[in-house]
A.B. asks: 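I have a structure here, written as structure tokens, and I will follow up with some questions on it.
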Amino acid sequence: MALETLPFDAADYLGDEAAQAEFLAEAFETGNAAFISNALGVVARARGMSGIAREAGVTREALYRSLSEQGDPKLSTLLGVLKGLGIKLSALPISTPDREAS
């Protein structure tokens, strides 16, 4: 008997803003641009891609492309998406041994 699998979409499991913010914080922590872009797409889908696209000033289709693992959103798109999600981006210094020695 063949094993039947169902598609998984993390957006289905990120129902509240706290979980979405934590998911994005972990993505940004990796520093991996593809993962960050994809994570933003997951959260945008959880919230409603059409509304987020409107807030970001792009079409829904363009936002899907930009926020995929292969996407590379422009800074203006990134800022529009974050605004639409109600997420604030903060900058913190990177703490590494060589930075602390100087």
Side-chain angles (χ1 to χ4, degrees):
M1 176 187 282
L3 179 63
E4 183 180 344
T5 60
L6 301 173
F8 174 80
D9 187 357
D12 296 336
Y13 301 92
L14 294 173
D16 64 73
E17 291 182 9
Q20 294 166 0
E22 186 174 335
F23 182 68
L24 288 175
E26 289 179 14
F28 276 104
E29 189 68 27
T30 70
N32 181 311
F35 183 60
I36 293 166
S37 180
N38 188 56
L40 283 165
V42 168
V43 173
R45 283 195 317 277
R47 296 263 185 106
M49 190 65 88
S50 295
I52 300 302
R54 252 190 318 278
E55 288 281 335
V58 297
T59 66
R60 188 176 57 85
E61 294 80 13
L63 195 57
Y64 270 110
R65 276 193 307 276
S66 291
L67 299 182
S68 70
E69 286 187 53
Q70 296 79 30
D72 190 10
K74 296 187 327 184
L75 181 58
S76 59
T77 302
L78 172 67
L79 294 174
V81 168
L82 291 173
K83 179 182 177 193
L85 293 173
I87 301 287
K88 178 174 77 171
L89 191 60
S90 297
L92 300 172
I94 298 172
S95 173
T96 61
D98 55 310
R99 289 182 190 254
E100 292 171 0
S102 53

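When a residue number appears, it is its place in the shown sequence, counting from 1. Below, all heavy atoms of this structure are taken into account, side chains as well, without hydrogens, waters or symmetry copies.
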A.B. asks: Locate the shortest heavy-atom distance separating S50 from R60; write the atom from each residue and the value.
C.D. replies: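 Shortest heavy-atom contact: OG-CD, 3.1 Å.
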
A.B. asks: Tell me whether S37 contacts the main-chain N or O of A34 through its side chain, where contact means a donor paired with an acceptor under 3.5 Å.
C.D. replies: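 It does not hold such a pair.
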
A.B. asks: Does Y13 sit in a hydrophobic cluster with other residues, and if so which ones, taking ILVMFWY side chains as linked at heavy-atom separations under 4.5 Å, directly or through other members?
C.D. replies: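 Joined to Y13, directly or through intermediates: F8.
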
A.B. asks: How is the hydrophobic cluster of V42 composed, in terms of its other members, when Ile, Leu, Val, Met, Phe, Trp and Tyr link through side-chain heavy atoms under 4.5 Å apart, directly or indirectly?
C.D. replies: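 Joined to V42, directly or through intermediates: L14, F23, L24, F28, I36, L40, V43, M49, I52, V58, L63, Y64, L67, L75, L78, L79, V81, L82, L85, I87, L89.
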
A.B. asks: Counting neighbours of CD on E29 that are heavy atoms of other residues, nucleotides or ligands and sit closer than 6.0 Å, is the number greater than 12?
C.D. replies: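 It does not: E29 CD has 12 such atoms or fewer within range.
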
A.B. asks: Does D12, at its CG atom, have more than 12 non-hydrogen atoms belonging to other residues, nucleotides or ligands within less than 6.0 Å?
C.D. replies: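 Result for CG/D12: enclosed.
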
A.B. asks: How close do L6 and E4 get, counting heavy atoms only, and between which atoms?
C.D. replies: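 For L6 and E4, the tightest heavy-atom pair comes out as CD2-OE2, 4.1 Å.
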
A.B. asks: Do side-chain atoms of D16 reach the backbone of A19 as a donor and acceptor pair under 3.5 angstrom?
C.D. replies: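 Present.
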
A.B. asks: Please find the pair of heavy atoms, one from Q20 and one from A46, that lie closest to each other, and give the distance.
C.D. replies: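 Q20 and A46 have their closest heavy atoms at NE2-CB, 3.7 Å.
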
A.B. asks: Could you tell me whether R54 atom CZ has more than 12 heavy atoms of other residues or ligands within 6.0 Å of it?
C.D. replies: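 No - once you tally the heavy atoms of other residues, nucleotides and ligands closer than 6.0 Å, there are 12 at most.
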
